[in-house]
Structure formats: structure tokens, C-alpha cells
Amino acid sequence: MSQQVTAIVLAAGAGTRMRSRRAKVLHEIAGRPMLGHALDAVRGAGIDHVVAVVGHDREQVEAAVSALDPSATIAVQTEQLGTGDAVRVALDAAESTSETYLVTYADVPLLAADTLRLLIDEHRAERRAVTILSSEPEDPTGYGRILRDASGAVTAIREHKDATEDERATREVNSGILVVDGAFLDRAVRALSTDNAQAELYLTDIVGQAVSEGLPVGAHVLEDVWQTEGVNDRRQLVRLGRELNRRTVDHWLAEGVTIVDPETTWIDSAVTIGRDTTILPGTQLLGASTIGEGVTIGPDTTLRNVEVGDDATIVRTHGQDTVVGPGATVGPFAYLRPGNRIGERAKVGTYVELKNTTLGAGTKVPHLSYIGDAEVGEGTNLGAGAITANYDGVNKHRTTIGSHVKTGCHNVFVAPVTLGDGAHTGAGAVVREDVAPGALAVPASGQRTIEGWVASRRPGTPSAHAADQSTQENSGGQHQEPQ
Ligand code: UD1
Ligand code: CA
């Protein structure tokens, strides 16, 4: 049955009040352009045929439609003569007339697939020519009003600018979302006139037309007003974004995720989270991030397109395009740049930056390190202050470190370089040449100590004084420890 419904998504309007270089319908909430939310709702309702009507910012919007929903048909409305004209353009772009049409807007981002499904089902069950999705907002100013007769039957939609004082007192308004019989729509949009306050071709005039032809018309009043709200400016965008986030947080709470502070937690709509995961305040889970079960994330963590395995812990971290293995620990204060695979139970510690790096199971980079373009085996420990010198100013090179390697503090790995399995390095090593499995690499030049340098070059300083004091005490033998 669903093959016989075509959705017409109107996206040709100007969006001047956004004051933006970007087309209005491409502004995002929950990590997805409003246009994407509208297309998701339509697809989620099981509708196979979609026509998107584009006009203003045509190139941007057309490219976005193709990217978000490659099988959608694009219809170009060259002049914005009104919603009736936009629908006519959509019908002309389609190859044949569909049995039923759903008309919806690209700037109504909270509209749910279930609502569209319900509207289509009701339309069919009641065998109507037109079914309107209506609502009763606090302030109906600006909307088209649903006019009903004494029996409660819908008689027309009257646009605000054309309405009388009495008609304006009506609370019930047109959301703009309609389900219409195909044959009737095709006929009705071609008969519209511009004889109205805005000299536009109003799609809403088809309602009065159907009634005058004696065709059945009805309106479904949606309690959830948020779903019918459109976005015209950034205030509305942010307000709806906050509400969508509240709904997303609520969904994950119901699914068994503890979200300690919903107010400061932001979760994009494509993110998935497993049970018994705890999200601490100030956390943003963005893009296509997938979070396992029993994970702890936050506080103050941003993850974009990060896959987190079960029971991992991520504290005060900024991460992107990275896979974190089960039971791994990250942070506090870690920076995960794209392309990392952090193994099971591995540790990326404090003030560690990782890029394009694979860490094997149980490998640790605990403190103050930059590891980029590296492959590290299992059970290896990189001492504090490990740095891969991966960039020679022209090219990036890889560092390969085996399993069960132990590197001393403050090492530099000058790539390309390889440390074999079980290799060790001393503190301060600058590893320029490969280290064989099981070998120890230590800095080649020994330490040069110049006795009495402070007394001769820095006389009278606190350092000189302290050194002098210490020498006297030691020679006096006062601090000899008993065996
Ligand atoms: C429209 C409805 C009104 C309803 C309101 C809900 C009409 C005549 N009026 O009014 O009853 O209460 O929506 O928000 O339909 N668009 C095009 N091409 C055009 C004109 C509009 O694609 O030529 C698109 C816009 O991009 C937008 C949608 O249609 O997504 C609605 O257009 P808009 O001008 O906002 O209609 P309203 O005057 O708000
Ligand atoms: Ca509008």
C-alpha cells in the first residue's frame, strides 16, 4: 500500500530571517539538517516516493537532498508563487499521479514518522479527499485557521492575513502537513487563484474546493504541538533543538542509560547507547557515535563519530573518528584525533594526544604524550612524555612499536622507525634507528657533570646557598641512616 503514497517536501522558501549564507533547511539540530529530519520522517513512515521542491539557495539544497536521500526526485520551483504552486511543480516533476500525496515542509524538524503514518492511515480509513494535520498552539497568530461548521465539520482553511476578527479567534491551526487524494490534488492545484491578501497560490484553498465539491475533508488535531512547529529564525531553531535533545535524552533514560544532567548533555539523533552506561554532566555525543553497555563517559567530554566498546571509561576527553575498545580507559584530558583504534583494556591517560594510531590490547600511554601515525602492539607501556616525531616537514612517517615493549620517560621516536617485540628503551632516548626485539636502547652519550659549577658561575644565589648547605651537612655525616 505504501507504494501508492508520494511525499512532497517543500523546501523552496527563502528563510530570510535566519540571516545566513546557509539555506534555512540546511541549518542543523541534533547533528542533522532540518531537511534531513524531514526526509527521515517521510522515509520512516514507509513512503517510497519523495519529491523535494527546491528554489531559494537551489544549488545548496539540491546537493543536500541528493546526499541525504539519493532516490528523492528534485523539482525546481523557479519563482516562489506560494505553497499551491510548489505542489503543482512537484506534481509536474513526477512521472505519474500517485493515489495519495503527503505534503510536508522541510523546516518542521520535530515531526515524527509515527504521526505521518497515523495521518495517512486515518485519511484512508475515512476515505477522505483531504486530511489536515492541525494543532492548537498557545498563539495562533500567523497560521492558517481551521474553520469548522456548527457540526464540527471542516469547511476551509483561512490564512491569517485573509481572516476576519472572528476567524482569527479560532485556536485550531493548519500545521501545513496535509494528506490529499492524488486525482483531486492534481485537479485542484491547477484551479487555484491568487485572489487573496498575499496574491499567492495557496495550497490551503484546496480544502474549501473539496468541500464545495462535496468531498470528505477532515483534520486530525495533534496534541504534541512541538511536532508541528516550523523554524523561521535562529531563536526557533535553538528552541526546537533543545526540545529534540530533551526527547532524545528521555528516550535513552527509558532505554536504561543513566544521564546525570539532561540539561548539559547533548546527544545527536543518530547516536546509539547501550544499557547501564552512565553519562556525566557536560557531555556531547555527536554524529554517528555508538556507545556500548556499562560505559562511563564524562564529565565534560565531546565525542564525534566515536565507537566505544562495553565497559570503557572516558573522562574529560575530546575525541573524533576513533574506536575505543572494551574496557579501555581514556583521559582525563585526552585528545583523540581521527583514525585511532584503541585496543581492549588499553589506557590513554592524562594529557595524551593520539592521531591515526593503533594501540593493542592492554597497551598503556599513561601521561603527557603525542602518538601519531603509529602502530603499537599488545601489553606495551610507553613511559611519560613519549613523542612520535612523525613529520619531517614534508612527509608523515609511521612508527611501529611491538608488543610488551617498555619505553623510558621522555622518549622521541623519529619515524620511520621500528621497535621490536619486548624491546626496552632508557629515559630520554631519541630513537632514530630500529631497535631489535628484546634489545635495550639507551642514549649513547653519557651524562657530563661539572662539579662546583653553581658556586663558581652563580655565586650568592639561593641555588649556591642550598648546595653549600647540603655539602656541609653531608661531610659532617649528620644524616647517615642506620643500616
Ligand atoms: C503555511 C500555510 C498555513 C500554515 C503554515 C504553517 C499556505 C498558504 N499556508 O503558511 O496555512 O498555517 O504554513 O506553518 O499553505 N514554500 C515553497 N514554495 C513557495 C512557498 C512556500 O516551497 O512558493 C515552502 C516554504 O519553504 C515552507 C513552506 O512551503 O517550507 C510553507 O511556506 P510559508 O511561506 O512559510 O507558509 P506560511 O505563510 O507560513
Ligand atoms: Ca512558515
Side-chain angles (χ1 to χ4, degrees), residues 7-18 23-27 33-35 37-39 41-42 51-58 60-62 64-65 74-91 93 102-111 130 132-137 139-147 154 156-163 167-168 170-178 180 185 188-189 192-209 219 221-222 225-233 236-237 240:
I8 299 173
V9 180
L10 303 188
T16 319
R17 280 179 281 163
M18 293 302 282
K24 176 171 84 173
V25 299
L26 302 188
H27 281 262
M34 290 195 277
L35 174 67
H37 288 284
L39 292 168
V42 162
V51 182
V53 181
V54 304
H56 272 278
D57 300 309
R58 177 185 157 183
Q60 277 182 48
V61 179
E62 219 178 299
V65 171
I74 292 168
V76 180
Q77 187 190 25
T78 43
E79 249 186 299
Q80 280 61 61
L81 305 172
T83 49
D85 180 65
V87 168
R88 198 236 347 125
V89 166
L91 294 178
L102 164 73
V103 179
T104 182
Y105 298 167
D107 57 4
V108 183
L110 264 58
L111 185 64
V130 185
I132 304 156
L133 184 66
S134 67
S135 68
E136 296 181 338
D139 179 9
T141 307
Y143 288 100
R145 305 298 203 285
I146 308 293
L147 306 184
V154 174
I157 297 176
R158 185 82 73 241
E159 290 306 305
H160 182 92
K161 287 187 176 143
D162 298 276
E167 288 168 341
R168 285 182 185 180
T170 310
R171 280 276 312 281
E172 189 185 359
V173 304
N174 171 31
S175 68
I177 291 115
L178 306 174
V180 191
L185 182 66
V189 291
L192 294 172
S193 89
T194 54
D195 183 14
N196 55 54
Q198 301 179 81
E200 279 182 16
L201 292 163
Y202 289 165
L203 177 63
T204 44
D205 283 350
I206 68 169
V207 174
Q209 180 61 35
V221 188
L222 191 67
V225 177
W226 288 102
Q227 284 198 43
T228 63
E229 283 198 28
V231 169
N232 295 305
D233 60 32
Q236 292 164 332
L237 182 78
L240 289 186

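Note that ligands are numbered from 1 as they come in the structure, with each ligand's atoms numbered from 1 the same way.
Counting non-hydrogen atoms of other residues, nucleotides and ligands closer than 6.0 Å to CG of D195 gives a total of 12 or fewer.
For atom 16 (N) of ligand 1, the nearest non-hydrogen atom from the set G84, G13, A106 comes from G13. When the heavy atoms of A90, S175, A75, A38 are ranked by distance to atom 6 (C) of ligand 1, first place goes to S175. When the heavy-atom distances from atom 23 (O) of ligand 1 to A86, A52, A11, G82 are ranked, the shortest goes to G82.
Screening D162, D85, T194 against Y202 for a side chain to side chain donor-acceptor pair (under 3.5 Å) leaves a single residue, D162.
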Determine, step by step, whether N232 and K24 satisfy the side-chain hydrogen bond (donor to acceptor under 3.5 Å, both in side chains) criterion, reporting the C-alpha distance in whole Å, the side-chain angles of both residues, the deciding distance to 0.1 Å, and the verdict. CA-CA 8 Å; N232 295 305; K24 176 171 84 173; 3.2 Å; yes
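Here the CG atom belonging to L203 is positioned 9.5 Å from the CD atom belonging to E159, to the nearest 0.5 angstrom. Rounding to the nearest 0.5 angstrom, the gap separating the OG1 atom in T170 from the CD1 atom in I146 is 9.5 Å. Rounding to the nearest 0.5 Å gives a distance of 4.0 Å between CD1 of I157 and CD1 of I132.
For ligand 1, the polar-atom distance check finds no N/O of Y143 at less than 3.5 Å from any of the ligand's N/O atoms. When only interatomic distances are considered, the shortest N/O to N/O separation between N174 and ligand 1 falls below 3.5 Å. In terms of polar-atom proximity, defined here as any N/O pair under 3.5 Å, T204 makes no such contact with ligand 1. Inclusion of E79 in the set of residues having an N or O under 3.5 Å from an N or O of ligand 1 is not warranted. Note: an N/O pair closer than 3.5 Å links Y105 and ligand 1 by distance alone.
Within ligand 1, counting atoms from 1 as listed, the ones closer than 4.0 Å to a heavy atom of L10 are 22 (O), 24 (C), 29 (O), 30 (O). Under a 4.0 Å criterion applied to the non-hydrogen atoms of T83, ligand 1 contributes the atoms 7 (C), 8 (C), 15 (O), 20 (C), 21 (C), 29 (O), 31 (C), 32 (O).
Not a single heavy atom of V173 sits closer than 4.0 Å to an atom of ligand 1. Residue D85 places no heavy atom under 4.0 Å from ligand 1. Using a non-hydrogen distance threshold of 4.0 Å, V53 does not register as a contact of ligand 1.
Here the closest heavy-atom approach between residue E172 and residue A219 is recorded as OE2-CB, 3.8 Å.
Side-chain polar atoms of T228 and S175 form no donor-acceptor pair below 3.5 angstrom.
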